[in-house]
Amino acid sequence: ATVTGVLIGYARVSTTAQLLDRQLRALDDAGCAKVFSDQLSGRDADRPELRACLAYLRAGDTLVVPSLDRLSRS
């Protein structure tokens, strides 16, 4: 039997004044089964939702981000 993973999304904005709506819509449109999001600067290494997202991922799952700069600054 082939094990097939699910799409797991991660979205981030740098400040609480910015909106996640566009990113969340894109992740929903991509078919993500679950989405995690942070409202913290990419400089901040302590991003609780990113940590939770990475812990949630299982073999075969695919991490989906609206753009790579949402995942990390460098």
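Other residues, nucleotides and ligands place no more than 12 heavy atoms under 6.0 Å from the CZ atom of Arg22.
To the nearest 0.5 Å, the span separating CG on Leu50 from OH on Tyr10 amounts to 4.5 Å. Atom SG of Cys53 is separated from atom NZ of Lys34 by 9.5 Å, given to the nearest 0.5 angstrom. With rounding to the nearest 0.5 angstrom, the CG atom of Leu27 is 9.5 Å from the CG atom of Leu7.
Residues Glu49 and Ser37 approach most closely at CG-O, 2.9 Å, considering heavy atoms. Tyr56 approaches Ile8 most closely through the heavy-atom pair CE2-CD1, 3.5 Å.
Side-chain heavy atoms closer than 4.5 Å link hydrophobic residues (I, L, V, M, F, W, Y) into clusters, and following such links, possibly through other members, connects Val35 to Leu20. Linking Ile, Leu, Val, Met, Phe, Trp and Tyr residues whenever their side-chain heavy atoms come within less than 4.5 Å leaves Leu68 and Val64 in two separate clusters. Side-chain heavy atoms closer than 4.5 Å link hydrophobic residues (I, L, V, M, F, W, Y) into clusters, and following such links, even through other members, never connects Leu19 to Phe36.
Remark: side-chain polar atoms of Asp61 are not paired, donor with acceptor, to backbone N or O of Gly5 under 3.5 angstrom. Although no hydrogens or angles enter the test, the distance criterion places a donor-acceptor pair under 3.5 Å between the side chain of Gln18 and the main chain of Thr15. The backbone N or O of Arg12 lies less than 3.5 Å from no partner atom in the side chain of Asp38, so there is not a single donor-acceptor pair.
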Open item on the list: Walk me through whether Val6 and Arg58 qualify under side chain to side chain contact (heavy atoms under 4.5 Å, CB included).
Closed with: CA-CA 9 Å; Val6 296; Arg58 298 294 174 246; over 6 Å; no
